[in-house]
Structures are given as structure tokens and as C-alpha cells.
Amino acid sequence: RVARAAGDELAALELLRQYAIRVDGEAGSMARAAEIYYDMGRLDEARELALRSREVTFHEKAQRVLGLVAYRRGEYSQAALHLERADADYLVLAALLRSHLLEGALGKVPDDLERIEKLSEPPDALLRLASEARAALRRREELARHARGPGLDRAVCAEYALRSGVAAPRVEALARGDDPLSRAVRARLALEKGRLRDAASLAEASLKGWPELDLALLVRGRARLEQD
């Protein structure tokens, strides 16, 4: 800690490495060292030490590190698996809720929100994320009035990912359905890539199933404008 406070990261890493060697076999201490590695942005070392801690015995801090590392790497299914077993602090609950949204597991969101509501004075960022999740649940109810099928949760999560600025491959993976919202999301992605005809066609198909869908109306309008 002294080395980190002094800005000497190399010295801090060497001291941490020596500490990790001394506590090898002590699950709790190894997990704590893994947390420090994570806080320093050393994700590979954090993951390796957390895995070694888990081999000794189960420890919530090791699960926390494994989950947060997976989340940072965009491995949302793995992140959720570990974070569900970790102590529920603010960072864990935020990463868990967002992981569920970004892997299309909308059905798990109500439980996440219930856990957040039990927190004492959660930070504003977590409250904003919870508000976005509630909006996604309401969107799911809207979509259910226009479409049926098992992919509706993923469609809503695709729209959430799109509006959150998540990379296109993740959005595309969620928006593979034939429902109006999935088509509207794909239309928006096509528009962003300059594929105006595809964007207009997908938007029209979306509006046939949900004539008032705001995203599809927006894409159709922009595609027409740019084609003229």
C-alpha cells in the first residue's frame, strides 16, 4: 500500500508477488491478493490467483474477482456465474445486473433489482442502472403485446445494449429474432454501417408488427432522408 501510494507500481507489484508466494495455500489471503491485483488493473494475475484460491476452498472474494475480471472482458455469462456467488457489494451488483442484461437474461433482472433495493444508500450510478433495467422490463411488456416467442427477452436486451453503446457484435448476437424489436435493432445497426436499403427494409418489416415502434420509425425516417 505504501508503494502504491507513492506511485511506485513496480515496487508494489513485486511486494504483492512476494506476499502471494507467502500466503500460498491460504484461500482468504490469496483471494485478498487477487483483489489487489484487480484493483491495480492486472487482470491476468488477479484471475490466476483467484483460481488458485478457489482450488483450496470456496471463498466469496475469489468469486468476486473472477466475476469482475470476466465482466471486464465481456464474458457476461461467466461473469454472472461467479458474481451470483460473491458478496453483494455495489460493484458486484452493478456488474451482475449489467451482465444479465447483456447476456439476454432478462428474467433474472427482477431478483437483481430486489437485491439493490435492500442496499443502504446505493450510489447514483447503480440507481441509474437499476432505472434502466426497470425500463427494459416495461419494454418487455410492451413487446409482448406485439409478438410472441422465446426470444423476446433477448430482443429487449439487444435494444438496451444498442442504447448503451455496446459493441455491434454483442448487439447483433442478441438481436437475431424475428420479432419487431429485433428487426428494429438490426435496422439501426444497418443504418450505422451505411446500408440504407437494408435499414429501410428491416424498419418497414418491424413496423408491420409494431406500427408505433419508435426505434423503427426513427430508422425508417433517417434511411429515407439519407437516400433522397
Side-chain angles (χ1 to χ4, degrees), residues 31 34-35 37-39 41 43 46-47 50-51 54 58-144 147 149-177 179 181-182 184-186 188-189 214-215:
E35 279 192 316
Y37 270 125
Y38 176 82
D39 291 341
L43 300 188
R47 182 177 183 276
L51 286 171
R54 191 180 63 174
F58 175 88
H59 200 285
E60 291 84 356
K61 286 184 178 180
Q63 294 296 321
R64 181 181 189 273
V65 171
L66 291 171
L68 292 176
V69 169
Y71 174 77
R72 289 273 298 273
R73 291 177 169 172
E75 301 165 354
Y76 300 115
S77 180
Q78 277 295 112
L81 178 67
H82 293 297
L83 294 172
E84 287 168 355
R85 303 173 183 176
D87 287 339
D89 60 24
Y90 302 150
L91 186 57
V92 164
L93 288 178
L96 179 59
L97 175 54
R98 202 153 190 270
S99 292
H100 283 150
L101 287 167
L102 294 178
E103 71 165 334
L106 194 64
K108 296 183 178 181
V109 166
D111 289 341
D112 296 338
L113 293 174
E114 185 176 342
R115 295 175 74 183
I116 290 172
E117 289 170 358
K118 293 178 181 178
L119 293 175
S120 174
E121 300 182 0
D124 290 342
L126 182 55
L127 292 176
R128 286 194 297 272
L129 178 58
S131 178
E132 292 171 359
R134 292 189 187 94
L137 293 174
R138 292 193 296 271
R139 191 65 151 176
R140 175 64 172 78
E141 294 176 359
E142 288 183 279
L143 179 58
L152 302 191
D153 285 2
R154 293 179 66 82
V156 170
C157 291
E159 184 185 35
Y160 166 80
L162 178 71
R163 296 185 186 279
S164 299
V166 173
R170 167 60 54 175
V171 181
E172 291 169 351
L174 291 167
R176 292 176 177 169
D179 59 275
L181 189 53
S182 290
V185 170
R186 294 201 302 273
R188 177 59 183 269
L189 292 174
D214 50 358
L215 180 58

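From a predicted model like this one, the values you see are computed outputs, not experimental measurements.
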Review point. What residue pairs, at least two apart or across chains, pass salt bridge (charged side-chain N to carboxylate O under 4.0 Å, His left out) with a residue in residues 156-175?
Key: R139-E159, E159-R163, E172-K193

Min side-chain heavy-atom separation [X]-[Y] under 4.5 Å:
{"X": "L129", "Y": "I116", "value": "no"}
{"X": "R188", "Y": "V171", "value": "no"}
{"X": "K118", "Y": "L93", "value": "no"}

Non-hydrogen atoms of [X] and [Y] that approach each other most closely:
{"X": "L174", "Y": "A158", "answer": "CB-CB, 3.6 Å"}
{"X": "L127", "Y": "P122", "answer": "CD2-CG, 3.6 Å"}
{"X": "A133", "Y": "L113", "answer": "CB-CD2, 4.0 Å"}
{"X": "A155", "Y": "L181", "answer": "O-CD2, 3.8 Å"}
{"X": "D179", "Y": "A147", "answer": "CB-CB, 3.9 Å"}
{"X": "E60", "Y": "A86", "answer": "O-CB, 3.8 Å"}

Review point. Taking only residues two or more places apart in sequence, or in another chain, which ones meet Y37 in a ring-ring contact (aromatic ring centres under 6.0 Å, His included)?
Key: none

Point to revise | Partner residues of Y38 under the ring-ring contact (aromatic ring centres under 6.0 Å, His included) criterion, sequence neighbours left out | key: none

**Study point:** Test log, rule side chain to side chain contact (heavy atoms under 4.5 Å, CB included), inputs V156 and L137
**Key:** CA-CA 8 Å; V156 170; L137 293 174; over 6 Å; no

Check your understanding: Does R154 use its side chain to pair, donor to acceptor, with the backbone of A173 at less than 3.5 Å?
Key -> yes

Point to revise | Donor-acceptor contact present, side-chain R98 to main-chain Y76, <3.5 Å | key: no

Check your understanding: Given E132 and L101, is the side chain to side chain contact (heavy atoms under 4.5 Å, CB included) satisfied, shown in steps?
Key -> CA-CA 10 Å; E132 292 171 359; L101 287 167; 5.9 Å; no

Results of side chain to side chain donor-acceptor pair (under 3.5 Å) for [X] - residues two or more places apart only:
{"X": "R64", "value": "E35, D89"}
{"X": "R73", "value": "D44"}
{"X": "S99", "value": "none"}

Check your understanding: In Å, rounded to the nearest 0.5 Å, how long is the span from SG of C157 to CG of L152?
Key -> 11.0 Å

Study note, to complete from the structure: Rounded to the nearest 0.5 angstrom, the CG-CG distance for L106 and D153 is 4.5 Å

Practice item. Please test V92 against Q63 for side chain to side chain contact (heavy atoms under 4.5 Å, CB included), starting from the C-alpha separation and ending with a verdict. Key: CA-CA 10 Å; V92 164; Q63 294 296 321; over 6 Å; no

Review point. Just by distance, with hydrogens left out, do E84 and H100 show a side-chain donor and acceptor under 3.5 Å apart?
Key: yes

